[in-house]
A.B. asks: 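I'd like to ask you about the structure that follows.
So that the names make sense, note that chain A is the first sequence line, chain B the second, and so on, each numbered from 1.
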There are 2 protein chains.
Amino acid sequence: MVKRTSFENDDCPIARSLDAIGDWWSLLIIREALFGSRRFGEFQKSLGLAKNILTVRLRALVDQGILKLAPASDGSAYQEYLLTPKGRGVFPILVALRQWSEEFDDRPEEIATILVDKEKGRPVRKLELYSQDGRLLSAADTALKPRADVKSSRKLRSISA
Amino acid sequence: MVKRTSFENDDCPIARSLDAIGDWWSLLIIREALFGSRRFGEFQKSLGLAKNILTVRLRALVDQGILKLAPASDGSAYQEYLLTPKGRGVFPILVALRQWSEEFDDRPEEIATILVDKEKGRPVRKLELYSQDGRLLSAADTALKPRADVKSSRKLRSISA
DNA sequence: CTTGTGTAGTTGCATTATAAAACCAGATAC
DNA sequence: GTATCTGGTTTTATAATGCAACTACACAAG
């Protein structure tokens, strides 16, 4: 790629998400953060990625307001990476990815963990999408509507999400 | 990257999903497919990606059973790319990505479309995660449990998703 | 106060992925 | 039969990734 096409200015919210967290490592870093990792070294060890890449990814996540830097909670002079609300908001995306694997992976027996609810310890249900009046929706029950007040300078693409 | 680390054999289902559809274009191709694109040229025009990349992506998606090739429905001698059930199963992931943008994007006014339910034309609700006994769950209400019968050859990482 | 160890990076180099543009073969249209 | 469309492949350039080696600072022990 002469320049890895950026979707930052695309009018599709999916493309925008991908621009922010659509690379190989960002989602996994957020996953680790959701499960307690805070320090550079923790991310590096648990994910096994190169340190220079981790540096770049962490900085990008901080820039985007997904992580924030804070003084270390253990009294040392170092810093910690903490999730912001925007970062915690990624949780449903991770659940959706997890459930897709669980349902469609060719070798589901290799999946090591199950997402359970803390109180009862039982597997969670599938993510559900409802209409405002409470009907359960599938993809076929939905459509895309252009926003009434689009300010985008780019022409609307027919119906592409 | 000497070799883009593959998560194909990771025991984390999120990593496995990313391995399958975690690159820049795959999810957008699936998005287009969900909204009706079928032909090579349609994908190429609506997404504006280079044809060589599209070729590689489409082939990978077919290999993974997300798309399948079928004779063109318009009688021509060409082929079409159709979603399989596994491909349609990506829908919740796209919704989760979309809703994350809608909620946290810095410039939500640039988002051009709204996902509505077809019947009433009203915006859908946020994706919801429930426990088996019907309680609405947030990230903090969940935990990861190792599967009882893990066959994975790789050691379990403490609690990393 | 000097040496050692851990943390959090940075730098340099090799390799791979991506992009743009040119090219091409078979099908279709004229 | 010639032009054009469809669905690619090839070529070339550049950006991203990965590994390994190196650096700077903090802290702890001796």
A.B. asks: Taking NZ, NE, NH1 and NH2 as the nitrogens, is one of them in A:R125 or B:D133 under 4.0 Å from a carboxylate oxygen of the other?
C.D. replies: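 Answer for the salt bridge query: no.
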
A.B. asks: Quick one: is B:Y81 getting a side-chain N or O under 4.0 Å of the D:dT6 phosphate, OP1 or OP2?
C.D. replies: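 False: B:Y81 side-chain N/O out of range (4.0 Å or more) of D:dT6 OP1/OP2.
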
A.B. asks: Under 4.0 Å between a side-chain N or O of B:R39 and OP1 or OP2 of D:dG7?
C.D. replies: yes

A.B. asks: Rounding to a whole Å, what distance do you find between B:Q79:CD and C:dA25:P?
C.D. replies: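 Going from CD in B:Q79 over to P in C:dA25 covers 20 Å.
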
A.B. asks: Whole-Å distance between C:dG12 P and A:K51 NZ?
C.D. replies: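 Atom NZ in A:K51 sits about 16 Å away from atom P in C:dG12.
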
A.B. asks: Mind checking whether A:Y130 and B:Y130 have parallel, tilted or perpendicular rings, split at 30° and 60°?
C.D. replies: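 The rings of A:Y130 and B:Y130 stand perpendicular, inter-plane angle above 60°.
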
A.B. asks: Roughly how many Å is it from CZ in A:F43 to P in C:dT7, rounded to a whole number?
C.D. replies: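 Distance, rounded to whole Å: 15 Å.
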
A.B. asks: Does C:dT10 have OP1 or OP2 under 4.0 Å away from a side-chain N or O of A:R59?
C.D. replies: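 Checking C:dT10 against A:R59, a side-chain N or O does come within under 4.0 Å of OP1 or OP2.
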
A.B. asks: Calculate the interatomic distance between B:W24 atom CH2 and D:dA16 atom P; express it in whole Å.
C.D. replies: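 It works out to 9 Å between those atoms.
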
A.B. asks: Any salt bridge between A:E109 and B:R147, counting N to O under 4.0 Å?
C.D. replies: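 Salt bridge flag = no for B:R147 with A:E109.
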
A.B. asks: I'd like to know if the side chain of A:S46 reaches the main chain of A:E42, judged simply by a donor and an acceptor atom lying under 3.5 Å from each other, with no hydrogens or angles considered.
C.D. replies: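 Yes; at least one donor-acceptor contact below 3.5 Å.
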
A.B. asks: For the pair made of CD1 in B:I53 and P in C:dA21, what is the distance, rounded to whole Å?
C.D. replies: 13 Å

A.B. asks: What is the separation between atom CD on B:E42 and atom P on D:dG7, rounded to the nearest whole Å?
C.D. replies: 9 Å

A.B. asks: Okay, side chain of B:D11, backbone of A:A112: is any donor-acceptor separation there less than 3.5 Å?
C.D. replies: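 Here the side-chain-to-backbone pair does not exist.
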
A.B. asks: Nearest-nucleotide wise, let me know which of B:T55 and A:A50 is further upstream toward the 5' end of DNA chain D.
C.D. replies: B:T55

A.B. asks: D:dG8 P sits how many Å from B:R57 CZ, rounded?
C.D. replies: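 It works out to 15 Å between those atoms.
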
A.B. asks: Indicate whether OP1 or OP2 belonging to C:dA19 is found under 4.0 Å from a side-chain N or O atom of B:W25.
C.D. replies: yes

A.B. asks: Would you mind checking if B:E103 and A:K86 are paired as a salt bridge, meaning a charged N to carboxylate O distance below 4.0 Å?
C.D. replies: no

A.B. asks: Check whether the ring centres of A:W25 and A:F43 lie less than 6.0 Å apart, and answer yes or no.
C.D. replies: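 No, they do not, as the ring centres are separated by 6.0 Å or more.
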
A.B. asks: Find every protein N or O atom lying less than 3.5 Å from an N or O atom of nucleotides 25-30 of chain D, and list the pairs.
C.D. replies:
unit_1, atom_1, unit_2, atom_2, d
D:dC27, OP1, A:A77, N, 3.1

A.B. asks: Distance check needed: D:dC19 P versus A:L47 CG, whole Å only.
C.D. replies: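 Distance check: A:L47 CG to D:dC19 P gives 13 Å.
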
